[in-house]
Amino acid sequence: LGGRGGPPPPAGAPATPLRYARFDTYGDEDAAAALASWVALVDEASDVLVTSCDAAHAELGEVGYAALQALGSTLCEDTKPLELRDGYALIGRKGTGAATGVALAEGLGRRADGGNVTLRWECPPPPAPPPWMPGAVPSPPPPPSPLACHHPPPTWLAAPPPPATAPLATHCRA
């Protein structure tokens, strides 16, 4: 959000399921509507990273703030707006249905403080082993690290699938 945008994603970045969009909420009066349209296309319960700097406040308006709130932002045009030269970052989860999203991590750096934002977000623990592997123990998580998941894959992921108890049915066309 804001300014004239940043660089595109780095070469070699995964093409899916990541999506990338940029909105000039400083100089484009249609940017808030474009942001809202983009957020509407994000799948419910998807995690989203939002960043802004410089002058994202100028054309954000009620529509833009509502779009950010759908992703978990606590920003509000009336009570907690962005201001000139603020920095903002959000790791949010889009709400389901009409529900507001959830902020997993959010930071606002005011211009008076240099506009810098630092987020601390801890990865969720690795998934539990599947029920067909009784006694399996998931890999222990490493110490928390800001903004990065460094969990090794759970050890049970390399395990073979359970043996079939009955032959698989074959469906043929006559």
Side-chain angles (χ1 to χ4, degrees), residues 1-128 141 144-151 153-154 157:
L1 300 176
R4 298 293 174 187
T16 57
L18 301 178
R19 293 185 206 134
Y20 174 83
R22 200 175 8 195
F23 304 96
D24 179 6
T25 56
Y26 171 72
D28 180 357
E29 63 186 28
D30 297 324
L35 169 64
S37 294
W38 187 84
V39 168
L41 296 175
V42 172
D43 294 335
E44 292 181 344
S46 292
D47 293 345
V48 177
L49 171 67
V50 176
T51 62
S52 72
C53 62
D54 198 22
H57 72 293
E59 298 290 344
L60 199 53
E62 185 179 338
V63 171
Y65 283 105
L68 292 175
Q69 290 164 3
L71 301 175
S73 175
T74 61
L75 294 176
C76 176
E77 184 174 27
D78 298 326
T79 59
K80 189 179 174 185
L82 285 173
E83 298 171 0
L84 181 66
R85 308 283 187 253
D86 283 350
Y88 177 71
L90 167 72
I91 300 172
R93 181 163 294 142
K94 185 174 178 189
T96 56
T100 302
V102 176
L104 303 174
E106 183 177 32
L108 175 61
R110 294 292 187 190
R111 170 181 58 175
D113 301 324
N116 296 319
V117 178
T118 301
L119 293 182
R120 180 156 181 84
W121 178 70
E122 295 182 16
C123 302
S145 172
L147 289 180
C149 279
H150 298 290
H151 290 298
L157 283 178

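Here L84 contributes atom CG and D54 contributes atom CG; the two are 6.5 Å apart, rounded to the nearest 0.5 Å. In this structure, OG1 on T51 lies 11.0 Å from CD1 on I91, to the nearest 0.5 angstrom. Rounding to the nearest 0.5 Å gives a distance of 12.0 Å between CG of L68 and OG1 of T100.
Pairing each heavy atom of L82 with each of Y88, the nearest pair is CD2-CB, 3.8 Å. Residues A70 and V39 share a closest heavy-atom pair of CB-CG1, 4.1 Å. Residues D24 and A31 share a closest heavy-atom pair of O-CB, 3.3 Å. Closest approach of A67 to L35, counting heavy atoms only: CB-CG, 4.0 Å. Residues A58 and Y26 come closest through the heavy atom pair CB-O, 3.6 Å. The minimum heavy-atom distance linking A103 with G72 is given by the pair CB-O, 3.2 Å.
Partners of S46 under the side chain to side chain donor-acceptor pair (under 3.5 Å) rule, at least two apart in sequence or in another chain, do not exist in this structure.
Tested against V48, the residues L71, L104, D43 include a single side chain to side chain contact (heavy atoms under 4.5 Å, CB included) partner, L71.
Between the side chain of E44 and the backbone N or O of K94, no donor-acceptor pair lies under 3.5 Å. Side chain of E106 to main chain of T74: a donor-acceptor pair is present (N/O by atom type, distance under 3.5 Å, no hydrogens or angles).
Listed by first and then second residue, the salt bridge (Lys or Arg N to Asp or Glu O under 4.0 Å) pairs that reach into residues 61-74 come to none, sequence neighbours excluded.
Proximity of H57 to S52: side-chain heavy atoms (C-beta onward) are nowhere separated by under 4.5 Å. Side-chain atoms of D28 and F23, non-hydrogen and from C-beta on, never get closer than 4.5 Å to each other.
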Steps toward salt bridge (charged side-chain N to carboxylate O under 4.0 Å, His left out) verdict (D86, R111) = CA-CA 5 Å; D86 283 350; R111 170 181 58 175; over 6 Å; no
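Ion pairing of E83 with R110 is present here, as a side-chain N (NZ or NE/NH1/NH2) and a carboxylate O approach within less than 4.0 Å.
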